[in-house]
Amino acid sequence: MSDWMMLTLVGADRPGIVSRVTRALCGVGCNLGEASMLRLGGNFTIMMMVATERPESALREALAPVAETLGLRLHIDTVNGDLHQHLLPNVQVRVSGADRTGIVADVTEALAEQGFHILELESDVAGDSASPLYIMNIQGYSECSLETLTGALAGLDRRGVSVEVAPIDVMIG
Amino acid sequence: MAILDILKLPDPRLKQVSTPVEHFDAALRDFVADLEETRQDGPAAVGIAAPQVGHFERIVIVDCSSRPKTPNHGNLVLINPEIVHWEGYAMGREGCLSVPDYTGNVIRATQIRLRAQDPEGVVHEYEMEGYEARAVQHEIDHLDGMLFVDRVVSRRTDLYRRKTYAKKKSPKSAA
């Protein structure tokens, strides 16, 4: 069934966004699935899977007053559910370095050349405005050995970016 | 021998505290054989606890021997297990037969000393570390009605290791 929609909501961060958005969705009978809700800079960002038999217009109508009050931008896409069949990450790549343009492109290009499948990527700009530090944490799936991946990323170390490749060991019990 | 049904969340029985084993008899050994068969039937589980199959006695099986480069004590049937000492902690990713298609990061002790009886009732002590110690802590939690989802720190990331922070510049404006 593809009765899933991906809702994207972005606005200035403030308390109460999640409760008001989800209450409005609940009010029109939406069932929430997987979601990522995260503060990025001064913004609060929501990407959320919503299952519903109602048309997109019904969701927009239900969310309009909340979005208006909280200053949220809303975007809706129809998507496939594809739940319960997640590919598990087996490799973690931690990156940090003095912030400059191109770190993400350099790292992910090197990984992509090895067929690395990125499942999650988070990044932060730490430090202070005088010397910002870029920190990125990637989790993904790869059939390459750690040595191969480390080798593929070796050039970055020479350019002042610290890269560490580690296995993600899942203990199932 | 039989493959037993695995209880899955949100089954409330998984929250039940199991009672100590008192009789080390043939019935116990039969149950342990079924529990082991059930563990092996599932997706690559290194451990299983009796309450996961609806049997509320303090019995777990842990076997990390199939993993390369993992210090382990082989196939262990642990009856009335008790952690008597622990040290260190580390974050690691766990999953569970009772919580399909979900993994999360959990903090566990890195080294433990474990006291447990075998199926004959004989008491043993084990020094364990790393992955095997993690597996034992996960399984003993089941005996206390605790699941790893109750301990997940972060679904997505682990603790960022401070030592990897780059120290690029010498301070420009030293006080």
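Computed from heavy atoms alone, side chains included, the values below leave out hydrogens, waters and symmetry copies. Chain naming here is simple, since letters A, B, ... match the order of the sequence lines and numbering starts at 1 in each.
Between D169(A) and R67(B), the closest heavy-atom pair is OD2-NH2, 2.8 Å. Shown here for Y131(B) and I172(A), the closest heavy-atom pair between the two residues is OH-N, 4.4 Å. Closest heavy-atom contact between V170(A) and E94(B): CG1-C, 4.1 Å. Nearest heavy atom pair, residue Q85(A) against residue D101(B), reads N-OD2, 3.5 Å.
I17(A) and V10(A) are not part of a single hydrophobic cluster, where members link through side-chain heavy atoms under 4.5 Å apart. Put simply, V106(B) and L14(B) are part of the same group of oily side chains (I, L, V, M, F, W, Y) that touch within less than 4.5 Å, one to the next. A single hydrophobic cluster is not seen to contain both F148(B) and V46(B); linkage of ILVMFWY side chains at heavy-atom distances under 4.5 Å, directly or through other members, places them apart. Cluster annotation: L4(B) is connected to V32(B) through the hydrophobic network of ILVMFWY side chains, with a link wherever side-chain heavy atoms come within less than 4.5 Å. I140(B) and I79(B) fall into different hydrophobic clusters, defined by Ile, Leu, Val, Met, Phe, Trp and Tyr side-chain heavy atoms under 4.5 Å apart, directly or through other members.
Residue R115(B) places its CZ atom among 12 or fewer non-hydrogen atoms of other residues, nucleotides or ligands, all under 6.0 Å distant.
For a residue to count as touching a neighbouring chain, one of its non-hydrogen atoms must lie under 4.5 Å from one of that chain's; by this rule A135(B) touches chain A with backbone and side chain alike. Heavy atoms closer than 4.5 Å to chain A are found nowhere in R39(B), neither backbone nor side chain.
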Verdict with supporting geometry, H86(A) and T103(B), side-chain contact (heavy atoms from CB on, under 4.5 Å)
CA-CA 10 Å; H86(A) 301 110; T103(B) 63; over 6 Å; no

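Judged by distance alone, the side chains of R93(B) and Q139(A) do bring a donor and an acceptor atom under 3.5 Å apart.
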